[in-house]
Asker: 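Before I ask anything, let me first share the structure, which is written out below as structure tokens.
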Amino acid sequence: MELGSSPEELEVKVGIRVEKKALTGWLTTLNSVLFHLAMYLSLACLAGLLIVVVYGVVLRYVFNNAPPYVEQVALLLIIAVAMFGASAGVRDAGHIGLDSLVMALPERAQFWCEFVVYVLTIVFALALFAGGAAMATSTRGSTIPTLGISEAMRYAPILIAGVLITLFSVEHVIALLSGKEVVPSWN
């Protein structure tokens with residue numbers, strides 16, 4: 001390291017840090033809107049979950065009158081929070097990643113590692129959608145007794161998340177192949 005040089009200056013000198021242009025186009029615009037919808041829906045479901053659980057706890061322990069539907073509503077909201085939050089995390093690359101080994105690899109190997117990760121994410125999202133669709137189809141005739149709605153409603157967030165994760169991962173693959181980057185939507 002040269003005396004008086006910052007790490008950023010050295011990175012620019014050896015060519016490690018390359019500023020990429022932002023990916024643009026209709027898919028990026030659509031995904032940005034879908035990301036915000038998923039994020040706000042996830043936040044609303046999280047707030048609803050808090051309200052429902054507090055409501056259930058107060059009624060159970062203060063009034064000794066637990067409503068039977070609280071547990072089922074909470075379960076539906078937990079599924080929604082997890083699925084919409086996970087899909088939003090894929091769009092903004094906010095998921096947990098252990099990339100210290102990958103960062104030690106040559107640039108070409110880093111590219112292929114990232115490419116494989118996003119392709120596998122697409123495969124996972126399609127499997128998530130297919131599995132969710134199969135479960136929704138097999139349970140659509142049953143009802144959640146305390147709510148009176150179809151059991152298939154449990155799988156709606158899973159189906160939506162499968163589509164969102166696929167769209168968001170395709171955007172990342174396009175950005176990777178074009179040498180651009182997906183600009184995070186949540187600032």
Side-chain angles (χ1 to χ4, degrees), residues 22-23 26-99 117-118 120-173 175 181-187:
L23 183 67
W26 67 268
L27 183 59
T28 298
T29 304
L30 173 67
N31 282 352
S32 181
V33 170
L34 291 174
F35 166 85
H36 283 93
L37 288 173
M39 207 53 190
Y40 287 124
L41 190 54
S42 182
L43 292 171
C45 289
L46 186 60
L49 178 62
L50 176 68
I51 292 167
V52 166
V53 169
V54 168
Y55 171 76
V57 168
V58 168
L59 286 178
R60 172 172 286 153
Y61 293 107
V62 175
F63 299 107
N64 201 21
N65 185 14
Y69 58 87
V70 169
E71 183 179 341
Q72 294 302 318
V73 171
L75 183 59
L76 290 171
L77 290 172
I78 286 172
I79 294 167
V81 167
M83 291 294 106
F84 297 133
S87 62
V90 170
R91 170 60 165 76
D92 273 5
H95 48 280
I96 296 174
L98 302 172
D99 61 353
V117 164
Y118 282 115
L120 290 175
T121 303
I122 292 168
V123 170
F124 166 76
L126 293 173
L128 185 70
F129 180 85
M135 290 301 294
T137 302
S138 70
T139 61
R140 73 173 181 254
S142 302
T143 59
I144 301 172
T146 57
L147 299 178
I149 61 174
S150 173
E151 282 279 351
M153 290 302 295
R154 290 190 200 277
Y155 302 99
I158 296 170
L159 297 172
I160 295 167
V163 172
L164 292 176
I165 291 171
T166 301
L167 288 172
F168 297 160
S169 296
V170 165
E171 180 184 17
H172 279 284
V173 167
E181 69 178 348
V182 176
V183 177
S185 297
W186 197 258
N187 295 324

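Because the structure is a prediction, the values reported are computed rather than measured.
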Asker: If you look at every heavy atom in S169 and T121, which pair is closest and at what distance?
Answerer: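 Shortest heavy-atom contact: OG-CG2, 3.2 Å.
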
Asker: Under the 3.5 angstrom rule, does the side chain of S32 hit a backbone N or O of T28 as a donor-acceptor pair?
Answerer: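 A pair under 3.5 Å: no.
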
Asker: Search all heavy atoms of A152 against all heavy atoms of A136 and return the closest pair with its distance.
Answerer: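 Minimum heavy-atom separation between A152 and A136: CB-O, 3.4 Å.
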
Asker: Check step by step if side-chain contact (heavy atoms from CB on, under 4.5 Å) holds for V70 and L59.
Answerer: CA-CA 10 Å; V70 169; L59 286 178; 6.0 Å; no

Asker: Please confirm whether the backbone N or O of A38 pairs with a side-chain atom of S42, one donor and one acceptor, at under 3.5 Å?
Answerer: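 Answer holds: no.
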
Asker: Can you list the steps and then say if I144 with R154 is a side-chain contact (heavy atoms from CB on, under 4.5 Å)?
Answerer: CA-CA 9 Å; I144 301 172; R154 290 190 200 277; 3.8 Å; yes

Asker: Would you compute the distance between atom CD of E71 and atom CZ of R60 and round it to the nearest 0.5 angstrom?
Answerer: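 The CD atom of E71 sits 8.0 Å away from the CZ atom of R60.
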
Asker: Donor-acceptor pair, N31 side chain versus R91 backbone, under 3.5 Å?
Answerer: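 Not confirmed, N31 side chain does not pair with R91 backbone.
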
Asker: How far apart are the closest heavy atoms of V182 and A175, and which atoms are they?
Answerer: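 Closest pair (atom of V182, atom of A175, distance): CG2-CB, 3.8 Å.
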
Asker: List the steps, then state whether side-chain contact (heavy atoms from CB on, under 4.5 Å) holds for L34 with F168.
Answerer: CA-CA 9 Å; L34 291 174; F168 297 160; 4.1 Å; yes

Asker: How close do Y118 and V173 get, counting heavy atoms only, and between which atoms?
Answerer: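 The answer is CB-CG2, 3.6 Å.
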
Asker: Using side-chain heavy atoms (C-beta onward) and a distance below 4.5 Å, is L164 in contact with M83?
Answerer: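 No, side chains not in contact.
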
Asker: How about L46 and L50: do any of their side-chain heavy atoms sit closer than 4.5 Å?
Answerer: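 No; the side chains remain at least 4.5 Å from each other.
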
Asker: Minimum heavy-atom separation for A125 and I165, please, with both atom names.
Answerer: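 In terms of heavy atoms, the two residues are closest at CB-CG2, 3.4 Å.
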
Asker: How close do S150 and T139 get, counting heavy atoms only, and between which atoms?
Answerer: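 Looking at all heavy atoms of both residues, the closest pair is OG-O, 3.9 Å.
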
Asker: Drop me the distance from L76's CG to Y155's OH, to the nearest 0.5 angstrom.
Answerer: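 If I round to the nearest 0.5 Å, the distance is 10.5 Å.
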
Asker: Do T166 and F129 have side chains that approach each other closer than 4.5 Å (heavy atoms only, starting at C-beta)?
Answerer: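 No, side chains not in contact.
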
